[in-house]
Peer 1: 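This is the structure I have questions about; it appears just below.
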Amino acid sequence: MKLLAIDCAASLCAACVYDAEAKRELGRSVIDLGKGHAEHLMAVIEEALKASETGYAGLGAIGVSVGPGSFTGLRVGVSAARGLALALKIPAIGVTSLEALAAQAAEVFPGRPVLSALDAGREEIHAAFYDETMTLTFGPAVTTLAEIVAIATDRSPVLTGTAAIQIAAAAGHAFDIGPTEATADIAVYARLAVEKGEGERPKLLYLRGADAKPQAGFILARLGP
């Protein structure tokens, strides 16, 4: 089965075709454009299909980043994924940018807990914590720097995402650091989508502090052994 993965979570507009049986990427197209995902995404998808020598009819599923990230870009990616899935009568599978970053960090630091953290502005951080088996134990949620530093200090995870260096500096502690970009490599999204398999239709993950911000004590209690 071949899966098409799409990512518009940040400045990149990315797509790749992934062979689920061989567990390898067949072809990709990635452009760094900042804005304008709607104008370029279909061309990027066409380039990825061409590079992989695959047509739309040869696809068995669509994987897509659902955020957190650029709200406009994410809407474009998720809408395209759902539209293509409906037209081709194949499943669409959502993957969060936090889990993709964690998975990419785990490739470099296997068997370690990972804290994915993205600077959300307004002194807020989007975060998710994964244990040594890459099982989600906290989040995705919005926290403050102080709250996320407490988590990092308590568990000494690998840090990844745009807020990783900021967290390490605030903690005054040496951490192993994974990717510090706003999104993961497109092939990671593809692999995770294959591993997840068919489920609910992908939905935009848009976190807001007023709705999702937990209490620090509650966070640490959930992260306890």
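From a predicted model like this one, the values you see are computed outputs, not experimental measurements.
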Peer 1: If you take all heavy atoms of V66 and K203, which pair is closest and at what distance?
Peer 2: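 Here V66 and K203 meet closest at CB-O, 3.3 Å.
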Peer 1: Less than 3.5 Å apart, any donor N or O on the side chain of T162 or D119 sitting next to an acceptor on the other?
Peer 2: no
Peer 1: Could you walk me through whether R112 and E132 pass the side chain to side chain contact (heavy atoms under 4.5 Å, CB included) test, one step at a time?
Peer 2: CA-CA 5 Å; R112 297 276 305 282; E132 293 83 354; 5.8 Å; no
Peer 1: Going by side-chain heavy atoms closer than 4.5 Å, which hydrophobic residues are tied to L33, directly or by a chain of links?
Peer 2: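 ILVMFWY cluster around L33 also holds I31, V44.
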Peer 1: Can you list every ring pair (Phe, Tyr, Trp, His ring centres under 6.0 Å) pair that touches residues 147-196, not counting sequence neighbours?
Peer 2: H173-F175
Peer 1: Is there a salt bridge (Lys or Arg N to Asp or Glu O under 4.0 Å) between K50 and E53 once you walk through the steps?
Peer 2: CA-CA 5 Å; K50 182 179 179 181; E53 299 182 345; over 6 Å; no
Peer 1: What distance separates M42 CE from L84 CG, expressed to the nearest 0.5 Å?
Peer 2: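 So the gap between those two atoms works out to 5.0 Å.
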Peer 1: Does a side-chain heavy-atom distance below 4.5 Å link P157 with V114?
Peer 2: no
Peer 1: Table please: side-chain donor-acceptor pairs of residues 94-108 below 3.5 Å, with sequence neighbours left out.
Peer 2:
unit_1 : atom_1 : unit_2 : atom_2 : d
T96    : OG1    : E99    : N      : 3.0
T96    : OG1    : E99    : OE2    : 3.4
S97    : OG     : G67    : O      : 3.4
S97    : OG     : P68    : O      : 2.7
E99    : OE1    : K196   : NZ     : 3.4
E99    : OE2    : T96    : N      : 2.8
E99    : OE2    : K196   : NZ     : 2.8
Q104   : OE1    : D185   : N      : 2.8
E107   : OE2    : R191   : NH2    : 3.1

Peer 1: Check the side chains of D32 and S11 for a donor-acceptor pair under 3.5 angstrom, ignoring hydrogens and angles.
Peer 2: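 Yes - a donor-acceptor pair under 3.5 Å links their side chains.
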Peer 1: Output the distance between atom CD (E147) and atom OG1 (T144), rounded to the nearest 0.5 Å.
Peer 2: 3.5 Å
Peer 1: Taking side-chain contact (heavy atoms from CB on, under 4.5 Å) as the definition, give me every residue that meets it alongside A61, ordered by chain and number, with sequence neighbours left out.
Peer 2: M1, L3, P91, I93
Peer 1: Look up atom CD in E124 and atom CD1 in I148, then write down how far apart they are to the nearest 0.5 Å.
Peer 2: 12.5 Å
Peer 1: Hey, does the side chain of T135 reach the backbone of D131 with a donor-acceptor pair shorter than 3.5 angstrom?
Peer 2: no
Peer 1: Can you tell me if H37 uses its side chain to pair, donor with acceptor, with the backbone of A10 under 3.5 Å?
Peer 2: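 Confirmed, H37 side chain pairs with A10 backbone.
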Peer 1: Which heavy atom in S65 sits nearest to a heavy atom in V78, and how many Å separate them?
Peer 2: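 Taking every non-hydrogen atom into account, O-CG2, 3.8 Å.
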Peer 1: More than 12 foreign heavy atoms under 6.0 Å from CD1 of I165: is that the case here?
Peer 2: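 Incorrect, the count does not exceed 12.
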Peer 1: Going through the distances and angles, do L88 and Y56 end up as a side chain to side chain contact (heavy atoms under 4.5 Å, CB included)?
Peer 2: CA-CA 8 Å; L88 298 172; Y56 284 106; 4.0 Å; yes
Peer 1: Within the distance-only criterion (no hydrogens, no angle test), does the side chain of T153 pair as donor or acceptor with the backbone N or O of A150 below 3.5 angstrom?
Peer 2: no
Peer 1: Is it true that a side-chain atom of S116 and a backbone atom of A128 form a donor plus acceptor pair closer than 3.5 Å?
Peer 2: no
Peer 1: What pair of heavy atoms forms the shortest contact from D7 to A184, and how long is it?
Peer 2: OD2-O, 4.1 Å
Peer 1: Is any side-chain heavy atom of F138 less than 4.5 Å from a side-chain heavy atom of I151?
Peer 2: yes
Peer 1: Please find the pair of heavy atoms, one from H126 and one from A120, that lie closest to each other, and give the distance.
Peer 2: NE2-CB, 3.5 Å
Peer 1: What is the distance from atom CD1 of I45 to atom OG of S29, rounded to the nearest 0.5 Å?
Peer 2: 9.5 Å
Peer 1: Does a side-chain heavy-atom distance below 4.5 Å link Y130 with T137?
Peer 2: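 SC-SC contact between Y130 and T137 ruled out.
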Peer 1: Looking only at heavy atoms, which two atoms of V17 and A48 are closest? And how far apart?
Peer 2: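 Scanning both residues completely, I find the closest heavy atoms to be CG2-O, 3.9 Å.
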Peer 1: Can you measure from CG (L118) to OG1 (T160) and round to the nearest 0.5 angstrom?
Peer 2: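 These two atoms lie 8.5 Å from each other.
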Peer 1: May I ask you to decide if G77's main-chain N or O and S79's side chain share a donor-acceptor pair within less than 3.5 Å?
Peer 2: no
Peer 1: Which atom names give the shortest non-hydrogen contact between K2 and G58, and what distance separates them?
Peer 2: CB-O, 3.7 Å
Peer 1: Who are the ring-ring contact (aromatic ring centres under 6.0 Å, His included) partners of F109, not counting sequence neighbours?
Peer 2: none
Peer 1: As a quick check of understanding, evaluate side chain to side chain contact (heavy atoms under 4.5 Å, CB included) for T183 and L12, giving each step before the final call.
Peer 2: CA-CA 8 Å; T183 191; L12 300 182; 4.2 Å; yes
Peer 1: Would you list the pairs meeting ring pair (Phe, Tyr, Trp, His ring centres under 6.0 Å) in which at least one residue belongs to residues 64-85, sequence neighbours left out?
Peer 2: F71-Y206
Peer 1: What is the distance from atom OG1 of T180 to atom CD1 of I177, rounded to the nearest 0.5 Å?
Peer 2: 8.0 Å
